Every structure is written in structure tokens, then in C-alpha cells.
Asker: 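Have a look at the structure that comes next, please.
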2 protein chains.
Amino acid sequence: MQRPPARERLLRAADRLLFDRGIRATPVDELLREADVAAATLYAHFGTKDGLVAAALEARADAWRRVWDRHIVEAADDAERLLAIFDALADYRTGVGGAARWCAFLAASAELRDAAEPIAAALAEDTALLGERLLALARPIAGDRAPELADAVLLAYTGTLAGFLRGSPKDPVAVGRRVAAAAIAAAEPLSPRA
Amino acid sequence: MQRPPARERLLRAADRLLFDRGIRATPVDELLREADVAAATLYAHFGTKDGLVAAALEARADAWRRVWDRHIVEAADDAERLLAIFDALADYRTGVGGAARWCAFLAASAELRDAAEPIAAALAEDTALLGERLLALARPIAGDRAPELADAVLLAYTGTLAGFLRGSPKDPVAVGRRVAAAAIAAAEPLSPRA
DNA sequence: GTCTATAAGCGGATAGAC
DNA sequence: GTCTATCCGCTTATAGAC
């Protein structure tokens, strides 16, 4: 039973505390205690608290992308592939991303008005990945109107995440998926039951 | 040209700074400077910074409710009444609520993990008002399935707000309205063009 | 050479005293 | 209305342990 190195322990502690309690609400001291690491070690590895935050966000982005990938591959048809983001989200939240209250990236955006460079980059990457992927997945369904469909699904996904923050509706993933499905139905150039 | 009393100046300064730059990111000193008020005056009126935050949130809730009211009354039919929340939002954001980055209530939720009592109450009230009203407005459209339709519209509305935070899609209100309209179409027991 | 323990500097924020 | 006591959070310095 090897103990992971300090860097790894710090990242895990950051993921557990930062995105559950909040970034500003979590003092460095608590991160150090949770990780059982000395202050000097944190600053040697990450430079500043912001550096650790950015590294934790990037780790989260990687984990999320992998889960989403898997659900896209496993989906049965075009519509299911576009909706796979919701199944991936449900999966992610009960698995690797369990600690987060809603969405680590949106929460960081909300908390840090003008995020420092490494953090801002992580946030922008998340939204860029969502936009690009959803657009590609919407193309076979909506053709020329794929941008509108992708926007609709992005909004439903974002609404699902913020639904966790609001505490309503009760099951944001289920509602978000239904809403996105309705947007797909409205966007299909062919009649729904053709 | 009378100068408003200190209490009023504080509330205005709070509304302008708190919900634009963030609650934790705005020091009391800045509120005092913006309002041109002495520290003692703030603590005499509101007790603590939290007290001022809660009062500013309540003022915002009142203003929002009035704008929403007006758009519901002016709407032409059942569907338009349910969608009026989006027109109200567009109106609100260019008017009284202009300063806020996305949504004062969700932002406060995100920033303050365990909000103190007066703040938590304001947040809960906002979500309760949304839930009750949307349900009542969904009833004539969806009948027994009104709860599901109300959930869908709430999620689209929440997604619109969080869309401003994310910076995508470009025009969250337009996309949110379209998404909600698709949910209405899917929920109508009668065929859409009957 | 990586990590730990301790302590202390320093800016900033809240709250209340005067 | 000003002024200040007090606290808190981030960061670094120093010295030593595995």
C-alpha cells in the first residue's frame, strides 16, 4: 500500500475540497491538511494557489472528456450520440466527478470574476470542447441547421448543471435530456415518425 | 435634485457592485466609497455585510417579479404566457437588472456555500416563485403533465442564465426561448397544428 | 533531492470604537 | 465620519528529516 506522492495527494485534495466547498471558501491551509503536505511543497509544485486550481481543473476536464467519449461510442444512433452528453453526465457525477456541487468550470467562472491565465484557459477549453463536439454531433441530424441544434443542446446541458446548483428541478439530468430530445425532434428536417 | 438617503445609496451601490464583480470579491470599503457612506452607517442599517447582501437580493427579487408580471399580462395566449419569462428576462437585463453578470441568486448560491439565513431565504424564495408560477402557467397547456413542462421551462430558463456566465451560446435568451417552445410543442396533448 | 515542520511577513477585510 | 483593533488568508524563509 504505497502512499501517492505529494503532488498527487494535493491534486486529489484540491478536487475534493475546491469544487465542493468553493475555491475562495477553501483556504490553502485546509488543502494542506487534507493532502497532508507541507506548504513549501505546494508552492514548489504549483507556484501559487491559482496554479493548483488550474491543474485541478485540467485534470477534471480530462476525466470528463474520457467519460463523454465512451458514451458517444456506445450510443446507438445519431440522436443518441447527441444525447450521450446527458448519460455521460449522470455517469460522471456518480463516479470520478462525485464531489462537485454542480460544475467545476462554471463555478470557477462564477467565483473568479477575472480569472488568472491558467484558470481562464481551462474554462475556455471546456466551453470550446462542448461547442465543437455538439456541433459535429448535430450535423448528421440537422444538416444546415446544426448550429442552432447544437446551441439548444448546449443550453440544455448548461441548464442541467445549473439545475444542480438551484436544487430544482429534482432530477436535472432527466429533464435536460428530455428538453434536448424535444429540441432534436423540432430540428429534424424529416417528420419525426417518417 | 435631492440626494437619496444613505440606506438607498447603499442598496444601489450593492446592486451595482455585488452582482457584477461578485459578492466576496467586493470589499465593504468599495461599497462605502461607491455609496459615499460611512462604515458605521452601513452597520447601523444592515448589521453586517451579509445583511446588505440579503437586502440587495430581496430588492432584486421584487424588481424581477414586477417585470415578469407585466410580460405575463401582456402575452397573447397560454403558450406566450409561459414563454413570457424569456421576454421578461431580456427586458430586465437591459433595464433595472443591467449590472448583473448572469443571475444574482444563482451567483450568490455559487459563491456562498452555506449562505447565512437572510441570504438563503432570498435564494429559496426565488426558486419557489419560479416553480409555482411556471407550474400554474403550464397547467392550461399540458394539463396533467404540467409539472413536467414546468420543469422543462425552468431548466431552459436556468440554462439561459448560466449561458450568460458561460458566454455561450451567443444569445442565450433567444436559444432558451426556442428550447422552451420546443418543450411546449412536445407537451401539447393536442396536435400542434390542430 | 524531495518533502516536512515551524514561523513569520504582509496585505486586506470586517467590525466596532471613538 | 475617521480611525484602528483584530483576524484571516497567501506566501516565503529557515532549518531539518527521510
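Here the structure is a predicted model, which is why all the values come from computation and not from measurement. Reminder, nothing fancy here: chain letters follow the sequence lines and each chain counts from 1.
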Asker: Using a cut-off of less than 4.0 Å, is there contact between a side-chain N or O of Arg9(A) and OP1 or OP2 of dT4(C)?
Answerer: yes
Asker: Please report, rounded to the nearest Å, how far the P atom of dT4(C) is from the CZ atom of Arg7(A).
Answerer: 14 Å
Asker: Does a side-chain N-to-carboxylate-O contact under 4.0 Å join Asp69(A) and Arg133(A)?
Answerer: yes
Asker: Counting side-chain heavy atoms from CB outward, which of dT11(D), dT4(C), dT14(C) is closest to Val28(A)?
Answerer: dT11(D)
Asker: From the options dT4(C), dG16(C), dT14(C), select the nucleotide whose nearest atom is closest to the side chain of Ala39(B).
Answerer: dG16(C)
Asker: Tell me: CG of Leu32(A) to P of dC10(D), nearest whole Å?
Answerer: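 Taking atom P of dC10(D) as the reference, CG of Leu32(A) is at 9 Å.
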Asker: Measure from CG on Leu31(B) to P on dA15(C) and round the result to the nearest Å.
Answerer: 12 Å
Asker: For Arg24(A) and dG12(C), what is the distance between atoms CZ and P respectively, to the nearest whole Å?
Answerer: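 After rounding, the reported distance stands at 13 Å.
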Asker: Counting any heavy atom closer than 4.0 Å, what does Ala44(A) reach on the DNA or RNA strands: base, sugar-phosphate only, or nothing?
Answerer: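 No contact.
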Asker: Whole Å only: how far is the CZ atom of Arg3(A) from the P atom of dT2(C)?
Answerer: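 One finds 17 Å between P of dT2(C) and CZ of Arg3(A), rounded.
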Asker: What's the closest nucleotide to the Thr41(A) side chain, out of dT11(D), dT4(C), dG1(D)?
Answerer: dT4(C)
Asker: Return no unless some side-chain N or O of Tyr43(A) is found under 4.0 Å from OP1 or OP2 of dT12(D).
Answerer: no
Asker: How is Thr48(A) classified with respect to the nucleic acid when contacts are heavy atoms under 4.0 Å: base, sugar-phosphate, or nothing?
Answerer: sugar-phosphate
Asker: With heavy atoms under 4.0 Å as the rule, sort Val37(A) into base, sugar-phosphate or nothing.
Answerer: sugar-phosphate
Asker: Looking at dC3(C), I'd like to know if its phosphate oxygens (OP1 or OP2) sit under 4.0 Å from a side-chain N or O belonging to His45(A).
Answerer: yes
Asker: For the side chain of Pro27(A), counting heavy atoms from C-beta on, which of dT4(C), dT14(C), dG9(D) is nearest?
Answerer: dG9(D)
Asker: Tell me: CG of Leu10(A) to C1' of dC10(D), nearest whole Å?
Answerer: 15 Å
Asker: With a 4.0 Å cut-off on N to O distance, would you call Arg178(A) and Asp151(B) a salt bridge?
Answerer: no
Asker: So which heavy atom on Ala152(A) is nearest to which on Ala183(A), and how close?
Answerer: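 For Ala152(A) and Ala183(A), the tightest heavy-atom pair comes out as CB-CB, 3.9 Å.
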Asker: Please answer: with hydrophobic residues joined when any side-chain heavy atoms are less than 4.5 Å apart, are Leu106(B) and Tyr157(A) in the same cluster?
Answerer: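 In one cluster with Leu106(B): Tyr157(A), yes.
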Asker: How close or far is atom C1' of dC10(D) from atom CG of Asp50(A), stated in whole angstroms?
Answerer: 10 Å
Asker: Tell me whether Arg60(B) is salt-bridged to Asp126(B), with the criterion being a basic N under 4.0 Å from an acidic carboxylate O.
Answerer: no
Asker: Using atom CG of Asp29(A) as one end and atom P of dA7(C) as the other, report the distance to the nearest whole Å.
Answerer: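 For the pair Asp29(A) CG and dA7(C) P, the rounded distance is 14 Å.
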